[in-house]
J.: 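Encoded as structure tokens, here's the structure I'll be asking about.
Within every chain, numbering begins at 1; the chains are lettered A, B, ... in the order of the sequence lines, protein sequences first and strands thereafter.
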Protein chains: 2
Amino acid sequence: MSLNCQDEVEATLEVLVGKWKLIILSHIALNKTMRFGEFQKSIPDITKKMLSSQLRDLEYHGIISRKVYNQMPLKVEYAITEYGESLKPILDTLVHWGKNHIEYMSSQEKKVVDSSG
Amino acid sequence: MSLNCQDEVEATLEVLVGKWKLIILSHIALNKTMRFGEFQKSIPDITKKMLSSQLRDLEYHGIISRKVYNQMPLKVEYAITEYGESLKPILDTLVHWGKNHIEYMSSQEKKVVDSSG
DNA sequence: CGGCATCCGGAATGATACTG
DNA sequence: CAGTATCATTCCGGATGCCG
């Protein structure tokens, strides 16, 4: 059996690659449903085009679902699928490590700021 | 308190972004030390330039260490740092999900292959 | 052996305008 | 409101050659 897990990591990366996918997931994982505009408010720096394309990718891979309401004004709701939920452990470890890393970095920063004080 | 974890995810991504970083980590996490050439053998598709730059990034962020032996022929050993070890849970969840995803995809494939049989 | 410098193409991302 | 179309740009990563 192979000890290195390159294929598995690559398979996961294929689904999660993209500047905004994990950001999007970190939001939708916490809500039952989210609308296009809500994503834009939550993620100010993302453009419509990027949001749209990343959402489509995630939908293609079965991570999120998309429901259109035929009404005016238009309404579209996104939700995380059951399969998408299986990504939560990844998100959790990412958030956990990031939290620790931010603390680590700010503790490193103090040593630098020291010279200006 | 903030419920969305965008900053944390982004902080983690800043360290892990790059086509090969997680692949590299998935290899070095299983070995005490690895040499430049060993990475090349383990990851046939990576170029010297990419390997070099990704290793430098990881070293910069304190994830791996680099030790040069002043001898001919040149010898350089890379190792995962203690801080780098803290990424293992992320790798584990990635590998775990990837494994499951590969099975999921191959089960989807059968339905398609069906038409050629 | 391990790695950097240079050049280069294509993919990823962004800005803006337009649409049902 | 929720996108798409188009054009511009940035940047990642690959090919190659040179170096200690």
Side-chain angles (χ1 to χ4, degrees), chain A residues 6 9-28 31-61 63-80, chain B residues 6 9-10 12-28 31-61 63-81:
Chain A
Q6 191 167 332
V9 172
E10 281 177 353
T12 306
L13 259 33
E14 195 193 321
V15 175
L16 297 182
V17 77
K19 190 172 178 178
W20 305 99
K21 295 216 180 102
L22 282 161
I23 306 289
I24 288 172
L25 284 174
S26 77
H27 284 275
I28 203 169
N31 298 278
K32 279 304 163 198
T33 65
M34 280 189 80
R35 299 181 59 179
F36 195 87
E38 292 182 299
F39 281 115
Q40 289 191 288
K41 270 172 233 148
S42 302
I43 315 171
D45 289 346
I46 199 171
T47 62
K48 283 182 173 186
K49 176 183 173 180
M50 275 299 100
L51 180 55
S52 174
S53 83
Q54 306 271 295
L55 285 172
R56 257 187 286 117
D57 287 355
L58 290 170
E59 188 194 1
Y60 172 81
H61 285 290
I63 308 302
I64 63 173
S65 64
R66 178 172 181 272
K67 184 174 179 183
V68 183
Y69 292 77
N70 282 320
Q71 61 180 47
M72 285 303 289
L74 210 55
K75 177 176 171 182
V76 179
E77 277 184 353
Y78 293 90
I80 193 163
Chain B
Q6 191 167 331
V9 172
E10 281 178 352
T12 306
L13 259 34
E14 194 193 322
V15 175
L16 296 181
V17 77
K19 192 173 178 179
W20 305 99
K21 294 212 182 108
L22 282 160
I23 307 290
I24 288 172
L25 285 175
S26 77
H27 284 275
I28 203 170
N31 298 276
K32 279 304 162 198
T33 65
M34 282 189 78
R35 298 183 57 181
F36 195 88
E38 292 182 300
F39 281 115
Q40 289 190 290
K41 270 173 234 151
S42 302
I43 316 171
D45 289 346
I46 199 171
T47 62
K48 281 182 174 187
K49 175 184 173 179
M50 275 301 102
L51 180 54
S52 173
S53 82
Q54 307 272 295
L55 286 172
R56 252 186 291 120
D57 286 356
L58 290 171
E59 189 195 359
Y60 172 81
H61 285 290
I63 308 302
I64 62 173
S65 63
R66 180 172 180 271
K67 183 175 181 182
V68 183
Y69 292 82
N70 282 319
Q71 60 180 51
M72 284 304 288
L74 211 55
K75 178 176 170 182
V76 179
E77 277 184 354
Y78 294 90
I80 192 164
T81 63

J.: Which two nucleotides bound the region of DNA chain C that has atoms under 4.0 Å from heavy atoms of chain B, read 5' to 3'?
T.: dC1(C) to dC7(C)

J.: I need the minimum non-hydrogen distance between V9(B) and S26(A), along with the two atoms involved.
T.: CG2-CB, 4.0 Å

J.: Assuming nearest nucleotide by heavy-atom distance, tell me which of R56(A) and M72(A) is located more 5' along DNA chain D.
T.: M72(A)

J.: Less than 3.5 Å apart, which donor and acceptor atoms pair up between the side chains of residues 31-43 of chain B and the rest of the protein, not counting sequence neighbours?
T.:
{"unit_1": "N31(B)", "atom_1": "ND2", "unit_2": "H27(B)", "atom_2": "O", "d": "2.8"}
{"unit_1": "R35(B)", "atom_1": "NH2", "unit_2": "L74(B)", "atom_2": "O", "d": "3.3"}
{"unit_1": "E38(B)", "atom_1": "OE1", "unit_2": "R35(B)", "atom_2": "N", "d": "2.7"}
{"unit_1": "S42(B)", "atom_1": "OG", "unit_2": "E38(B)", "atom_2": "O", "d": "2.9"}

J.: Which angle, rounded to 10°, do you find between the first-five-pair axis and the last-five-pair axis of the helix from dC1(C)-dG20(D) to dG20(C)-dC1(D)?
T.: 50°

J.: With a 4.5 Å limit on heavy-atom distance, are the side chains of W20(A) and L51(A) in contact?
T.: no

J.: Given atom CD of Q40(A) and atom P of dT4(D), what is their separation to the nearest angstrom?
T.: 12 Å

J.: Using every non-hydrogen atom in the two residues, find where I80(B) and I28(B) come nearest and quote the distance to one decimal.
T.: N-CD1, 3.8 Å

J.: Looking at L25(B) and I64(B), what are the two nearest heavy atoms and their distance?
T.: CD2-CG2, 4.4 Å

J.: Using a cut-off of 4.0 Å on non-hydrogen atoms, how would the nucleic acid contact of K19(B) be classed: base, sugar-phosphate, or nothing?
T.: sugar-phosphate

J.: Does Y78(A) make a side-chain N or O approach to OP1 or OP2 of dC1(D) shorter than 4.0 Å?
T.: no

J.: Between K48(A), K49(A), M50(A), which is the residue that forms a side chain to side chain contact (heavy atoms under 4.5 Å, CB included) with I46(A)?
T.: M50(A)

J.: Could you tell me how far apart K49(A) (NZ) and dT4(D) (P) are, to the nearest whole angstrom?
T.: 11 Å

J.: Which residue, G18(A) or K48(B), contacts DNA chain C at a nucleotide closer to its 5' end, judged by nearest heavy atom?
T.: K48(B)

J.: N70(A) has an atom CG; how far is it from atom P of dC1(D), in whole Å?
T.: 17 Å

J.: Tell me the closest heavy-atom pair linking K21(B) and L16(B), and the distance in Å.
T.: CB-O, 3.7 Å

J.: State, with a plain yes or no, whether a side-chain heavy atom of H61(B) is found less than 4.5 Å away from one of E14(B).
T.: yes

J.: 5'-most contact on DNA chain D: E77(A) or Q54(B), nearest heavy atom basis?
T.: E77(A)

J.: Could you state the CE-P distance from M50(B) to dA15(D), rounded to the nearest angstrom?
T.: 11 Å

J.: Determine whether V76(B) and R66(B) make a side-chain contact, defined as any pair of heavy atoms from C-beta on separated by less than 4.5 Å.
T.: yes

J.: Looking at R66(A), I'd like to know whether one of its side-chain N or O atoms comes within less than 4.0 Å of OP1 or OP2 on dA2(D).
T.: no

J.: K67(A) NZ to dA2(D) C1': how many Å, rounded?
T.: 17 Å

J.: Could you tell me how far apart I46(B) (CD1) and dG13(D) (P) are, to the nearest whole angstrom?
T.: 9 Å

J.: What integer distance in Å separates L74(B):CG from dC18(D):C1'?
T.: 16 Å

